[in-house]
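Model, not experiment: these values are computed from the prediction. Every chain is numbered from 1 and lettered A, B, ... according to where its sequence line falls, protein lines coming before strand lines.
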Protein chains: 2
Amino acid sequence: MAEKVTIMDVARAAGVSRQTVSNTLNSPQVVREETRRHVLEVIQRLGYRANQAARQMRTGRSRLIAIRIDPGGDGISGSVLDTFLHGLTESAARAGYRILLYTAADDRSEIATFEDLLGSYEPDAFVLTATHHDDLRTSWLLERRLPFVAFGRPWSDLPGARHSWVDVDGAAGTAAATRHLLAAGHRRIGFLGWPPGSGVGDDRRAGWARTLAEHGLPADGLSRAVEDGVESGARAARDLLAAGGEVTALVCASDSLALGALNVADALASETGHLTGRPAPGTPLPTTASETTPQTGPETTPQTGPETTPQTGPETASGMPGAVSPGRRPVAVIGFDDTPVARAVGLTSVRQPLGEAAAACVALLTRALGSAGPPVEHVLLEPSLTLRRSA
Amino acid sequence: MAEKVTIMDVARAAGVSRQTVSNTLNSPQVVREETRRHVLEVIQRLGYRANQAARQMRTGRSRLIAIRIDPGGDGISGSVLDTFLHGLTESAARAGYRILLYTAADDRSEIATFEDLLGSYEPDAFVLTATHHDDLRTSWLLERRLPFVAFGRPWSDLPGARHSWVDVDGAAGTAAATRHLLAAGHRRIGFLGWPPGSGVGDDRRAGWARTLAEHGLPADGLSRAVEDGVESGARAARDLLAAGGEVTALVCASDSLALGALNVADALASETGHLTGRPAPGTPLPTTASETTPQTGPETTPQTGPETTPQTGPETASGMPGAVSPGRRPVAVIGFDDTPVARAVGLTSVRQPLGEAAAACVALLTRALGSAGPPVEHVLLEPSLTLRRSA
DNA sequence: AGGCATGATTTGATCGTTCAAAATGGCCGA
DNA sequence: TCGGCCATTTTGAACGATCAAATCATGCCT
């Protein structure tokens with residue numbers, strides 16, 4: 001096993017007391033410059049690291065942030081949590097925190113886990129995801145004045161339900177998508193979303209509706225509300241396109257719905273002879289300019305250091321057997337979340353700045369835990385549009 | 001804040017000493033039955049939970065398992081780690097452990113993180129993923145006799161590099177895929193994989209090659225080795241299909257490659273008039289039997305309790321505009337990992353039993369940490385084939 | 001020179017648990 | 001009645017850090 005180096009080992013080696021070593025690390029300003037340097041040198045040499053358990057016992061802080069990981073539905077948008085989690089781990093590490101995972105089936109069992117964790121590992125804070133109407137978790141945490149941030153707005157305006165949150169402006173995302181389609185000449189733009197009641201879904205629909213209204217275009221009958229899923233998206237798209245509204249483009253609340261819609265659009269195109277409009281279903285565009293992310297408005301994203309996500313880079317293409325002759329575009333489709341599926345099938349999609357969101361969560365938490373600054377803060381980030389062949 | 005309940009609070013309330021409370025929890029056999037029951041009742045009533053930091057200080061065990069989370073390339077197979085992580089969190093919780101996350105860019109920085117963590121949070125064990133040839137991490141951990149399991153075999157047979165691992169038999173997966181294609185009548189079955197040298201990739205290619213050999217079929221010129229990615233998969237598929245080998249089916253080392261191949265296959269089909277062979281690219285089969293997972297051999301998977309992953313269920317379908325008339329099948333394609341992308345585009349794929357793998361990792365670790373059983377054990381799990389429209 | 005504020009460092013106590021050893025009490029046989 | 005043994009329970013010490021208070025220098029002012 002690795003030999004343990006305690007604060008006493010360092011103290012002895014440096015010829016000072018425990019407390020001076022502790023002070024050089026935690027309150028450098030009270031230690032004489034020369035002593036400080038010497039102690040730091042010894043710490044370095046011995047490879048000393050403060051034992052977290054002992055520190056926690058005395059200070060009551062674990063430097064642990066807990067977050068739930070869940071299986072994630074059909075998995076298509078599962079990568080969203082995945083990416084967020086990675087960003088969170090990275091940002092937390094920079095701030096001296098570590099991420100602790102737990103699972104829970106519903107609000108009730110999640111609260112039970114809160115109690116369990118608080119009694120044993122004593123995480124300093126929680127990060128909540130998938131907030132919803134009448135979220136039991138937020139009220140439970142608020143009642144006990146436990147520090148937490150939600151990734152997602154509180155979708156109810158109960159007076160006491162004020163807490164810190166970070167979110168991505170879904171409405172701005174669908175608005176940008178809609179504006180992009182308008183700029184491309186589309187005038188009958190439909191929306192595929194979820195049944196009313198989900199905060200996220202309503203928000204995304206609102207962005208589309210608002211933008212149409214701003215351009216003096218009617219939205220009546222151009223919207224469908226179905227459960228999330230590829231096939232329900234396909235059904236809804238068929239229904240909407242057959243309704244006689246002459247819809248030429250679709251904005252969708254998720255990549256799952258969008259993928260279903262895209263399948264329908266491609267099928268219709270091949271049926272009506274427009275097959276060659278796109279190179280081949282699911283094949284990337286032959287130009288390197290096919291994958292771009294234009295700004296969707298004033299970028300308020302805070303600078304959070306370099307994101308080290310290795311980019312695969314836009315795929316280059318050689319001979320495209322499907323691209324025979326240029327034809328008129330079939331129904332344009334835009335998804336939401338820019339999941340791997342979207343990249344794989346060439347679906348234009350709204351991308352959430354997940355790395356920035358994670359960094360913002362950590363920033364809010366550390367500020368709250370450091371007891372500096374206001375206890376309740378909000379950060380609303382702008383998404384961007386990743387353009388691909390589908391729109 | 002939540003009122004803290006210590007072991008002394010319980011002791012006082014129950015009219016016994018600290019140690020008796022401790023014993024009721026940790027060594028029940030030394031406590032008189034009646035006392036034990038009484039103390040347990042008080043513990044329940046007060047909601048006592050042993051403070052992990054204090055316990056860790058005394059025992060030296062943190063009940064923490066550390067694992068790396070990484071961004072995950074193009075994201076398509078990112079969901080693999082995601083699912084594994086969820087299973088790990090669940091299995092670990094059942095065994096009384098929690099999962100701690102960290103990030104690292106490469107082996108060197110991961111080892112630096114080991115040192116950091118071991119000096120501060122003192123995780124009891126590590127779970128390594130993405131093991132590779134000459135893995136610096138395993139040798140580092142082995143030298144220090146630190147407990148760990150690798151999800152992935154050690155892809156080098158250095159004498160000293162013996163450690164516990166859990167893996168999925170990739171060769172068995174590609175073999176099953178190949179057998180499935182053979183049973184469907186295919187005789188010229190190609191393979192799209194990665195350049196030689198990666199253990200995982202070589203293993204998957206071997207399963208395909210072995211199966212062809214077993215059936216007395218030649219494999220010469222039927223294999224391509226390219227970097228992972230949708231477009232490189234497409235290129236390799238075009239190359240292989242144009243080579244004049246009359247290839248009618250493709251087994252691929254990943255869903256990314258398979259997706260590229262599928263795009264090419266679909267494009268070729270529409271070029272040669274076979275378009276209607278499949279309902280519509282990216283559309284699920286209209287039958288509910290389309291998504292099945294046959295056994296691929298003697299199932300050695302250990303029983304690990306109910307996996308609570310909510311299944312979306314096989315998608316049902318209504319009118320399929322693309323399915324005009326039944327035609328001859330175009331090139332069949334099978335992927336690997338059964339990612340969300342595969343489900344979304346209807347790609348038949350080899351599924352890894354990730355929940356079982358995670359459970360096996362935890363089982364191996366707890367056994368090693370409990371110092372019962374042999375310190376080095378191996379678990380090799382059988383993957384299964386998820387059938388969809390692509391093969 | 002003595003008192004005193006200031007800066008730097010050290011000492012004592014404590015967090016909550018478990019290990020190890022000591023204490024208690026009942027029962028038995030001599 | 002006493003010692004010994006066993007089962008059960010209690011007490012003392014320790015894990016490694018930080019907080020709070022005490023101590024030790026040092027310089028300055030009166």
Side-chain angles (χ1 to χ4, degrees), chain A residues 1-40 42-43 46-64 96 117-122 124 369 371, chain B residues 1-40 42-43 46-64 96 117-122 124:
Chain A
M1 297 291 165
E3 63 303 335
K4 272 196 189 179
V5 183
T6 75
I7 201 171
M8 270 308 287
D9 297 327
V10 177
R12 265 190 291 270
V16 297
S17 70
R18 312 186 301 278
Q19 190 59 34
T20 299
V21 178
S22 173
N23 283 338
T24 39
L25 291 173
N26 304 315
S27 318
Q29 70 284 1
V30 307
V31 181
R32 193 155 50 98
E33 171 70 10
E34 186 192 330
T35 327
R36 198 178 61 80
R37 251 204 289 271
H38 177 220
V39 172
L40 282 177
V42 175
I43 286 177
L46 300 189
Y48 167 75
R49 273 171 178 91
N51 181 287
Q52 183 50 43
R55 166 180 283 181
Q56 177 180 349
M57 260 240 272
R58 192 66 247 249
T59 64
R61 330 221 77 171
S62 61
R63 305 202 72 84
L64 244 33
L117 285 175
L118 289 169
S120 50
Y121 291 88
E122 307 185 278
D124 291 338
L369 291 171
S371 72
Chain B
M1 298 289 165
E3 64 303 335
K4 273 196 186 177
V5 184
T6 76
I7 202 170
M8 271 305 290
D9 297 326
V10 176
R12 266 190 289 271
V16 297
S17 69
R18 311 188 300 278
Q19 189 61 31
T20 299
V21 178
S22 174
N23 284 337
T24 41
L25 291 172
N26 304 315
S27 318
Q29 70 282 2
V30 307
V31 181
R32 191 156 50 100
E33 171 71 10
E34 187 191 331
T35 328
R36 196 177 61 79
R37 251 205 290 273
H38 177 220
V39 172
L40 283 177
V42 175
I43 286 176
L46 301 190
Y48 167 75
R49 273 168 176 94
N51 180 287
Q52 183 51 41
R55 166 180 283 181
Q56 177 181 347
M57 261 240 272
R58 191 67 246 240
T59 63
R61 329 221 78 171
S62 61
R63 306 201 73 85
L64 244 31
L117 285 175
L118 289 168
S120 51
Y121 290 89
E122 306 185 280
D124 291 340

Could you tell me how far apart [X] ([atom1]) and [N] ([atom2]) are, to the nearest whole angstrom?
{"X": "B/R36", "N": "D/dA7", "atom1": "CZ", "atom2": "P", "answer": "17 Å"}
{"X": "B/I7", "N": "D/dC15", "atom1": "CD1", "atom2": "P", "answer": "19 Å"}
{"X": "A/M57", "N": "C/dT18", "atom1": "CE", "atom2": "C1'", "answer": "11 Å"}
{"X": "B/Q29", "N": "D/dC6", "atom1": "CD", "atom2": "P", "answer": "18 Å"}
{"X": "A/Y121", "N": "C/dG16", "atom1": "OH", "atom2": "P", "answer": "18 Å"}
{"X": "A/D9", "N": "D/dG16", "atom1": "CG", "atom2": "P", "answer": "9 Å"}
{"X": "B/Q56", "N": "D/dA17", "atom1": "CD", "atom2": "P", "answer": "12 Å"}
{"X": "A/M8", "N": "D/dA17", "atom1": "CE", "atom2": "P", "answer": "10 Å"}

*Would you name the heavy atoms of A/H38 and A/A14 that are closest together and state the gap between them?*
CE1-O, 3.2 Å

Among [options], find the nucleotide with the atom closest to the side chain of [X].
{"X": "B/Y48", "options": "C/dT9, C/dT17, D/dT8", "value": "C/dT17"}
{"X": "B/N51", "options": "D/dA17, C/dT17, D/dT9", "value": "C/dT17"}
{"X": "B/S22", "options": "C/dT18, D/dT18, C/dT9", "value": "C/dT18"}
{"X": "A/R32", "options": "D/dT10, C/dG16, C/dT9", "value": "C/dT9"}

Looking at [X] and [N], is any side-chain donor or acceptor paired with a base atom of the opposite kind under 3.5 Å?
{"X": "B/Q19", "N": "C/dC19", "result": "yes"}
{"X": "B/R55", "N": "C/dT17", "result": "no"}
{"X": "B/R58", "N": "C/dT18", "result": "yes"}
{"X": "A/R18", "N": "D/dT18", "result": "yes"}

*asked:* Heavy atoms only, 4.0 Å cut-off, all strands: where does B/T59 land among base, sugar-phosphate and nothing?
replied: sugar-phosphate

*When we call it a touch if two heavy atoms are under 4.0 Å apart, what does B/R61 touch: a base, just sugar-phosphate, or nothing?*
nothing

*Residues forming a side chain to side chain donor-acceptor pair (under 3.5 Å) with A/R63, sequence neighbours excluded*: none

*asked:* Check whether B/Q56 reaches the backbone of A/Q52 with its side chain - one donor and one acceptor, N or O, closer than 3.5 Å.
replied: no

*Do B/D124 side-chain atoms and B/S62 backbone N/O form a donor-acceptor pair below 3.5 Å?*
yes

*asked:* If I take atom CD1 from residue A/I7 and atom CG from residue A/L25, how far apart are they, to the nearest 0.5 angstrom?
replied: 7.0 Å

*Examine D/dT18: is either OP1 or OP2 under 4.0 Å from a nitrogen or oxygen in the side chain of A/N26? Give yes or no.*
yes

*Residue-phosphate contact under 4.0 Å: B/T20 side-chain N/O, D/dT10 OP1/OP2*: yes

